[in-house]
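Report on the following structure.
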Amino acid sequence: GPVEKVMTSGTGGGTGSVMTSALALGATDGSLLLLGEEAGRRADLVESHDSLTAERDALESDLYRLVGEGEECGLTAAEIRRRANSLVLRTSQALLTATKGAGYVHGHPAERAVREAMFFLVWSCPQPVAQAALAEFACLAE
């Protein structure tokens, strides 16, 4: 059944674990690689690519800090997961936007990136993370 403070219970992977956040960072990396290729051909994409890359680097650093120091470092698994979900979704959407209609073609790397990013909204997605995503979608976050 439901577990009180699920994000801090148990060990290893599971709902909301940093392992799932690491997977979201990996998916983000794939989208950033492809977006970087597009940015190499289109100067208008460089700023977006650089900004998303900087955010990805900061998140990776925070994830390693949390893993190494635990929540005493001021970070929580839930916060890392919220940020990872947001970033993977926004990065895949940026790639889709950059590739325009080609990104809708079945099998296109952008189509796959968006599909994989959307999976983080439902796979092992604790309610607080889902609520944070809904707030972001509705421009209610922060």
Side-chain angles (χ1 to χ4, degrees), residues 1-100 102-104 106-142:
V3 175
E4 209 49 52
K5 296 188 179 184
V6 68
M7 302 300 263
T8 59
S9 65
T11 60
T15 301
S17 74
V18 294
M19 291 169 59
T20 306
S21 297
L23 290 172
L25 277 176
T28 297
D29 284 345
S31 291
L32 282 173
L33 179 69
L34 295 168
L35 186 60
E37 291 172 5
E38 289 291 325
R41 294 186 290 273
R42 295 177 44 199
D44 63 310
L45 299 175
V46 171
E47 183 179 18
S48 295
H49 177 264
D50 290 351
S51 178
L52 290 165
T53 299
E55 185 177 348
R56 185 248 176 252
D57 292 347
L59 179 57
E60 180 183 55
S61 176
D62 285 347
L63 181 124
Y64 278 119
R65 222 169 91 221
L66 175 63
V67 169
E69 300 172 28
E71 291 188 356
E72 293 78 34
C73 71
L75 299 166
T76 66
E79 174 61 17
I80 295 294
R81 177 62 190 275
R82 183 200 63 75
R83 289 170 54 198
N85 271 28
S86 174
L87 183 60
V88 72
L89 289 165
R90 290 181 291 111
T91 304
S92 70
Q93 294 297 311
L95 177 60
L96 180 64
T97 301
T99 59
K100 302 183 181 184
Y104 282 106
H106 180 71
H108 187 280
E111 180 265 343
R112 181 177 175 170
V114 169
R115 216 172 354 103
E116 289 175 356
M118 299 295 277
F119 194 59
F120 287 96
L121 290 175
V122 295
W123 176 57
S124 185
C125 190
Q127 193 59 33
V129 176
Q131 286 303 120
L134 290 169
E136 183 177 357
F137 298 155
C139 296
L140 301 173
E142 300 169 69

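Every value quoted in this text rests on a predicted model; they were computed, and no experiment measured them. Index from 1, following the sequence.
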Side chain of Thr76, backbone of Glu79: donor and acceptor closer than 3.5 Å?
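Side chain of Thr76 to backbone of Glu79, a donor-acceptor pair under 3.5 Å: yes, one is there.
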Could you tell me whether a side-chain N or O of Ser61 sits under 3.5 Å from a main-chain N or O of Asp57, the two making a donor and an acceptor?
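No, the answer is negative, given that no donor and acceptor are paired below the 3.5 Å cut-off.
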Looking at [X] and [Y], what are the two nearest heavy atoms and their distance?
X: Ala98; Y: Glu38; value: O-OE1, 4.1 Å
X: Arg81; Y: Pro126; value: NH1-CD, 4.1 Å
X: Ala84; Y: Leu59; value: CA-CD2, 3.5 Å
X: Glu71; Y: Ala77; value: OE2-N, 3.7 Å
X: Ala39; Y: His49; value: CB-CB, 4.3 Å
X: Ser31; Y: Ala113; value: OG-CB, 3.4 Å

Walk me through whether Glu37 and Arg41 qualify under salt bridge (charged side-chain N to carboxylate O under 4.0 Å, His left out).
CA-CA 7 Å; Glu37 291 172 5; Arg41 294 186 290 273; 5.3 Å; no
Any residue meeting salt bridge (charged side-chain N to carboxylate O under 4.0 Å, His left out) with [X], in chain and number order, not counting sequence neighbours:
X: Arg112; result: Glu116
X: Arg90; result: Glu55, Glu136
X: Asp29; result: Arg56

Can you name the one residue among Ile80, Asn85, Val129 that meets side-chain contact (heavy atoms from CB on, under 4.5 Å) with Ser21?
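Answer after filtering Ile80, Asn85, Val129: Ile80.
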Out of Leu25, Thr28, Leu23, Val114, which one pairs with Val88 under the side-chain contact (heavy atoms from CB on, under 4.5 Å) rule?
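Only one option passes, and that is Thr28.
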What's the spacing between Leu32 CG and Ser48 OG if we round to 0.5 Å?
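The CG atom of Leu32 sits 11.0 Å away from the OG atom of Ser48.
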What is the distance from atom CG of Leu34 to atom CG of Leu95, rounded to the nearest 0.5 Å?
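One finds 5.5 Å between CG of Leu34 and CG of Leu95.
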With a 4.5 Å heavy-atom cut-off, do Leu96 and Tyr104 have their side chains touching?
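The answer is yes; the side chains approach within 4.5 Å.
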